[in-house]
Amino acid sequence: MIKKEQLNTNIPGHVAVIMDGNGRWAKKKGLFRAIGHENGTKAVREVVEGAAEINIKHLTLYAFSTENWNRPKLEIQTLMKLLVSSLKKEIKTLQKNNIKLNAIGNLDSLPEKARNELLEVIEKTKTNDHMTLTLALSYGSREELIKTVQEISIKVKNNVLSPHLINEAVINKHLYTTNLPDVDLLIRTSGERRISNFLLWQIAYAELYFTKILWPDFKRSDLFEAVFDYQQRERRFGKTSDQLS
Ligand code: FPP
């Protein structure tokens with residue numbers, strides 16, 4: 001088990017997590033999927049506190065994808081209720097740890113109660129600056145890219161922007177993640193090795209870490225383990241090893 005003292009100063013600035021396996025966790029125990037999601041919220045708290053402890057500046061969690069709208073209505077309702085209750089309960093944790101809440105995705109499509117609660121916590125934590133916790137809600141990377149292309153096209157059409165001035169910075173400015181740096185480390189739990197339409201542009205140079213642990217069982221020591229693994233890797237960004245040294 002990796003302890004935080006074993007991590008060196010090379011802490012990834014932005015860690016993103018695909019929290020997967022709530023349903024399988026419940027099934028294995030003969031419980032309803034809702035109980036899996038409920039226990040998933042405990043893992044969320046573990047990881048948020050653990051990330052703040054080791055000074056990760058940005059943590060982004062994939063809480064609900066655009067594709068998740070295709071799940072049974074009852075499960076969607078459970079997830080939205082859990083979101084509201086967690087926000088109500090965890091605002092204390094966010095304030096105590098000086099964490100700012102942020103959200104990315106098509107927030108207009110969320111139920112009003114969830115959206116209002118979310119916006120309220122975002123407002124209340126907006127001056128916190130130890131870490132930014134971003135929840136991806138009704139988020140899909142392709143939808144985000146379509147929105148970005150549409151917004152840029154309108155600017156070009158209205159002669160506000162010239163096509164040859166479109167560069168990475170312009171694209172970044174129009175993404176939901178506008179104020180976030182690129183992802184350094186992407187973690188996915190539950191043994192699946194897919195990206196599932198999450199932050200496709202932003203993970204261009206991210207290190208990928210897959211673990212078989214089901215999300216409700218994921219503890220802060222598992223986050224430390226992922227960070228430790230990240231610290232053993234050489235990130236070359238297209239250069240050679242010699243150029244880096
Ligand atoms: C994946 O498990 C998880 C989700 C679809 C949602 C993640 C939600 C939570 C952890 C709880 C609420 C979140 C917050 C931020 C309060 P799955 O259902 O896809 O698992 P399976 O693949 O085993 O079926």
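Computed from a predicted model, the values in this text were never measured in an experiment. Every number for a ligand or one of its atoms is a count from 1 in the order of the listing.
- In terms of polar-atom proximity, defined here as any N/O pair under 3.5 Å, Gly23 does make such a contact with ligand 1.
- Within ligand 1, counting atoms from 1 as listed, the ones closer than 4.0 Å to a heavy atom of Trp215 are 10 (C).
- In terms of protein heavy-atom proximity, atom 2 (O) of ligand 1 is nearest to Asn22 N, 3.2 Å.
- Nearest to atom 16 (C) of ligand 1 among the protein's heavy atoms is Ser86 OG, 3.4 Å.
- Using a non-hydrogen distance threshold of 4.0 Å, Gly21 registers as a contact of ligand 1.
- Under a 3.5 Å cut-off, the side chain of Asn197 and the backbone N or O of Arg142 do form a donor-acceptor pair.
- When hydrogens are left out, the protein atom nearest atom 14 (C) of ligand 1 is Val44 CG2, 4.4 Å; that is the closest non-hydrogen contact.
- Close approach of ligand 1 to Arg24 (heavy-atom distance below 4.0 Å) involves ligand atoms 21 (P), 22 (O), 23 (O).
- Looking from atom 3 (C) of ligand 1 to the surrounding protein, the closest heavy atom is Met19 O, 3.1 Å.
- In this structure, Phe198 and Tyr62 have parallel ring planes: the angle between them is below the 30° cut-off, well short of the 60° mark.
- Nearest to atom 12 (C) of ligand 1 among the protein's heavy atoms is Thr41 CG2, 3.8 Å.
- Residue Trp25 does not touch ligand 1, judged by heavy-atom distances below 4.0 Å.
- At the shortest separation from atom 19 (O) of ligand 1 among protein heavy atoms lies Arg71 NH2, 2.8 Å.
- Heavy-atom contacts of His37 reach the following atoms of ligand 1: 11 (C), 18 (O) (cutoff under 4.0 Å).
- For Arg33, every heavy-atom contact with ligand 1 shorter than 4.0 Å involves the side chain, none the backbone.
- The protein heavy-atom contact nearest to atom 7 (C) of ligand 1 is Ala63 O, 3.6 Å.
- No side-chain heavy atom of Glu67 sits less than 4.5 Å from a side-chain heavy atom of Ser196.
- A cation-pi arrangement is present between Lys29 and Trp25 under the rule of less than 6.0 angstrom and at most 45 degrees off the ring axis.
- Within the 4.5 Å cutoff, side-chain heavy atoms of Asn39 are placed close to those of Lys42.
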Can you list the steps and then say if Gln202 with Thr177 is a side chain to side chain donor-acceptor pair (under 3.5 Å)? CA-CA 8 Å; Gln202 299 87 339; Thr177 50; 2.8 Å; yes
Show which side-chain atoms of residues 225-232 pair as donor or acceptor with protein atoms under 3.5 Å away, not counting sequence neighbours.
| from | atom 1 | to | atom 2 | distance (Å) |
| --- | --- | --- | --- | --- |
| Asp229 | OD1 | Arg233 | NE | 3.0 |
| Asp229 | OD1 | Arg233 | NH2 | 2.7 |
| Tyr230 | OH | Arg235 | NH1 | 3.1 |
| Gln231 | OE1 | Asn8 | N | 3.1 |
| Gln231 | NE2 | Asn8 | O | 3.3 |
| Gln231 | NE2 | Asn8 | OD1 | 3.1 |
| Gln231 | NE2 | Asn10 | O | 3.0 |
| Gln232 | NE2 | Phe228 | O | 2.8 |

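- Ile18 places a side-chain heavy atom less than 4.5 Å from the side chain of Leu186.
- Listed for the Asp217 side chain is no donor-acceptor partner under 3.5 Å among the backbone atoms of Ile213.
- Ligand 1 has no N or O atom lying under 3.5 Å from any N or O atom of Tyr62, backbone or side chain.
- Within the 4.5 Å cutoff, the side chain of Tyr139 has heavy atoms near those of the Glu144 side chain.
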